[in-house]
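Below, all heavy atoms of this structure are taken into account, side chains as well, without hydrogens, waters or symmetry copies.
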Amino acid sequence: MSEATSQSQTPENDVIGSYFVDLWCHTSKTLALNPGREPESEFEEEAEECPTELDTISSSGGFSVVGPDKLSLLYPNANLHGHDVGIVKANCPAPLKRLLYYFEIYVKHAGAKGQIAIGFTTSAFKLRRQPGWEANSYGYHGDDGLLYRGHGKGETFGPTYTTGDTVGGGINYASQEFFFTKNGVLVGSVYKDVKGPVFPTVAVHSQNEEVTVNFGKDPFVFDIKAYEAEQRAKQQMKIDNITIAQEASHGIVRSYLQHYGYEETLKLFDAAGKSTMPPISLVSGNSFNEEDSMYALNQRRILRQLIKSGKIDETFSTLRKWYPQILQVHDLKLILK
């Protein structure tokens, strides 16, 4: 609905680098073939809060009514002008640390004009506007099938939807796209030109329009697991086609191990890869040699263990002893330079 009227080969001697690439590929392939399987512990995604209901605190004041279950939305009265939009966000943003996010709405009644919309908005979105009418928002509208992204002019996108239809909205973080579905079929996708968290959003805009929202408590009409497997397979193909030069992959892994102070692993890495790369000095100075570098790595390991053990006083005491030049005492506050 427009505002005016209310889419290689790994080198043989790169032993440890090859291991990490193989493990990455194995995990990706496993999830592609078995999307319902939980990832192995070292690849587990950090737990995030997910939307579970509609936000009844921040809503478009009086134009729509959220049901007692906080999963239904009704527009009870006739709208007087274009800004009388009944719009509600989810109770929290869509999670970020995953491949896909998805939710659906079921159109229980299309009302007088079928001006229903599903989409995504930011926390700053004005709650008297259809999703897609304002910057940093996207909306797929039911009365005209157009996609709106940041302004009042829609773009040709998909079919209209009405009473009895189930419409979904999702985020593909791998491709950085929003995608929408209708009755279990993918309608299309559009580039996600929005930074930061976005909220699943639903809008109604004419008398007796009513929708129910499914944030995943019930099975989706769209086969999101199959779609996820398809997207993982696409990502796997991209990974399989990546060719990294021996010196590049070797250097990346070695720099990582050295930066985080994994002294023993670095020694094994150099032995296995027969590295001839000179060590990166951890302290400036022309006289800093390989022996000094390994000594510094050992010191870093000890400091890391002290911090993990919660021995903060001992950590600072050790720092003063080893590296007095990096600590200052000023107004009883320790400042790391």
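Side-chain atoms of Thr181 do not come within 3.5 Å of backbone N or O of Leu186 as any donor-acceptor pair. A donor-acceptor contact shorter than 3.5 Å links the side chain of Asn91 to the backbone of Thr52. Using a distance-only test at 3.5 Å, with no hydrogens or angles considered, no donor-acceptor pair links the side chain of Lys195 to the main chain of Asn136. Between the side chain of His141 and the backbone N or O of Asp143 there is no donor-acceptor pair closer than 3.5 Å. At distances below 3.5 Å, not a single donor-acceptor pair connects side-chain atoms of Ser64 with backbone N or O atoms of Leu73. Of the possible polar contacts, none joining the Glu104 side chain to the Thr166 backbone as a donor-acceptor pair under 3.5 Å is found.
Residues Gly169 and Ile118 come closest through the heavy atom pair N-CD1, 3.6 Å. Residues Ala110 and Thr162 come closest through the heavy atom pair CB-OG1, 3.2 Å. Smallest separation of non-hydrogen atoms from Asn208 and Pro76: OD1-O, 4.1 Å. When all heavy atoms of Lys192 and Gly196 are compared, the closest pair comes out as NZ-O, 4.2 Å. For the residue pair Val253 and Phe269, the shortest heavy atom distance occurs at CG1-CE1, 3.6 Å. Counting all heavy atoms, side chain and backbone alike, Pro159 lies closest to Val187 at CD-CG1, 4.0 Å.
Tracing side-chain contacts under 4.5 Å through hydrophobic residues (I, L, V, M, F, W, Y), one never reaches Phe199 starting from Val202; they form parts of separate clusters. The hydrophobic cluster containing Val185 does not contain Val167, counting ILVMFWY residues as joined when their side-chain heavy atoms lie under 4.5 angstrom apart, directly or transitively. Val190 and Val194 fall within a single hydrophobic cluster, where Ile, Leu, Val, Met, Phe, Trp and Tyr side chains are chained together by heavy-atom contacts under 4.5 Å.
Every residue two or more places apart in sequence or in another chain that forms a salt bridge (Lys or Arg N to Asp or Glu O under 4.0 Å) with Lys234 is listed here: Glu230. Evaluation of the ring-ring contact (aromatic ring centres under 6.0 Å, His included) rule for Tyr173 yields no partner, not counting sequence neighbours. Looking at residues two or more places apart in sequence or on another chain, you find a ring-ring contact (aromatic ring centres under 6.0 Å, His included) between Tyr138 and Phe178. Every residue two or more places apart in sequence or in another chain that forms a side-chain contact (heavy atoms from CB on, under 4.5 Å) with Ala90 is listed here: Pro51, Pro200, Phe215. The side chain to side chain donor-acceptor pair (under 3.5 Å) test applied to Glu210 returns no partner, not counting sequence neighbours. Judged as a side-chain contact (heavy atoms from CB on, under 4.5 Å), and not counting sequence neighbours, the contacts of Thr315 are Leu303, Leu306, Ile307, Leu319. Contacts of Tyr106 classified as ring-ring contact (aromatic ring centres under 6.0 Å, His included), with partners at least two apart in sequence or in another chain: none. Residues satisfying the side chain to side chain donor-acceptor pair (under 3.5 Å) test with Asn183, not counting sequence neighbours, are Asp165. Considering only residues two or more places apart in sequence or on other chains, Ser72 meets the side chain to side chain donor-acceptor pair (under 3.5 Å) condition with Asp69. Listed by chain and residue number, Tyr102 satisfy the ring-ring contact (aromatic ring centres under 6.0 Å, His included) test with Phe220 (two or more places apart in sequence, or in another chain). Partners of Asn172 under the side-chain contact (heavy atoms from CB on, under 4.5 Å) rule, at least two apart in sequence or in another chain, are Leu99, Leu100, Ala174, Ser175, Phe179, Tyr227, Gln231. Not counting sequence neighbours, the partners of Lys70 by the salt bridge (Lys or Arg N to Asp or Glu O under 4.0 Å) test are Glu53.
Put simply, the side chain of Lys113 does not reach to within 4.5 Å of the side chain of His205, judged on heavy atoms. Side-chain atoms of Phe180 and Phe157, non-hydrogen and from C-beta on, do get closer than 4.5 Å to each other. Ile252 is not listed as a side-chain neighbour of Tyr256, based on a closest heavy-atom distance of 4.5 Å or more. Within the 4.5 Å cutoff, the side chain of Arg254 has no heavy atoms near those of the Leu257 side chain.
Between atom CG of residue Asp313 and atom OG1 of residue Thr318 there is a gap of 10.5 Å, rounded to the nearest 0.5 Å. Residue Leu74 holds its CG atom at 9.5 Å from CD of Gln207, rounded to the nearest 0.5 Å. Here the straight-line distance linking atom OG1 of Thr156 with atom CG of Leu146 works out to 6.0 Å at 0.5 Å rounding. In this structure, CD1 on Ile105 lies 11.0 Å from CG on Asn214, to the nearest 0.5 angstrom. To the nearest 0.5 Å, the span separating SG on Cys92 from CG on Asp55 amounts to 9.5 Å. To the nearest 0.5 Å, the span separating NZ on Lys321 from CD on Glu314 amounts to 10.5 Å.
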Using side chain to side chain contact (heavy atoms under 4.5 Å, CB included), reason through Lys238 and Asn241 one step at a time and then give a plain yes or no. CA-CA 5 Å; Lys238 292 180 180 179; Asn241 289 329; 5.9 Å; no

Ile87/Gln130 under side chain to side chain contact (heavy atoms under 4.5 Å, CB included): CA gap, chis, key distance, verdict: CA-CA 7 Å; Ile87 183 168; Gln130 286 274 13; 6.0 Å; no

Check against side chain to side chain contact (heavy atoms under 4.5 Å, CB included), Phe120 and Tyr101: CA-CA 11 Å; Phe120 294 91; Tyr101 172 75; 4.2 Å; yes

Under the criterion side chain to side chain contact (heavy atoms under 4.5 Å, CB included), I'd like the reasoning laid out for Tyr75 against Gln115: C-alpha separation, chi angles, the key distance, then a yes or no. CA-CA 10 Å; Tyr75 198 100; Gln115 296 174 338; over 6 Å; no

Give the C-alpha distance, both sets of side-chain angles, the deciding distance and a yes or no for salt bridge (charged side-chain N to carboxylate O under 4.0 Å, His left out) between Glu48 and Lys97. CA-CA 8 Å; Glu48 292 182 274; Lys97 300 174 182 178; 5.5 Å; no

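For Lys108, the NZ atom is loosely surrounded, since the number of other residues' heavy atoms within 6.0 Å does not exceed 12.
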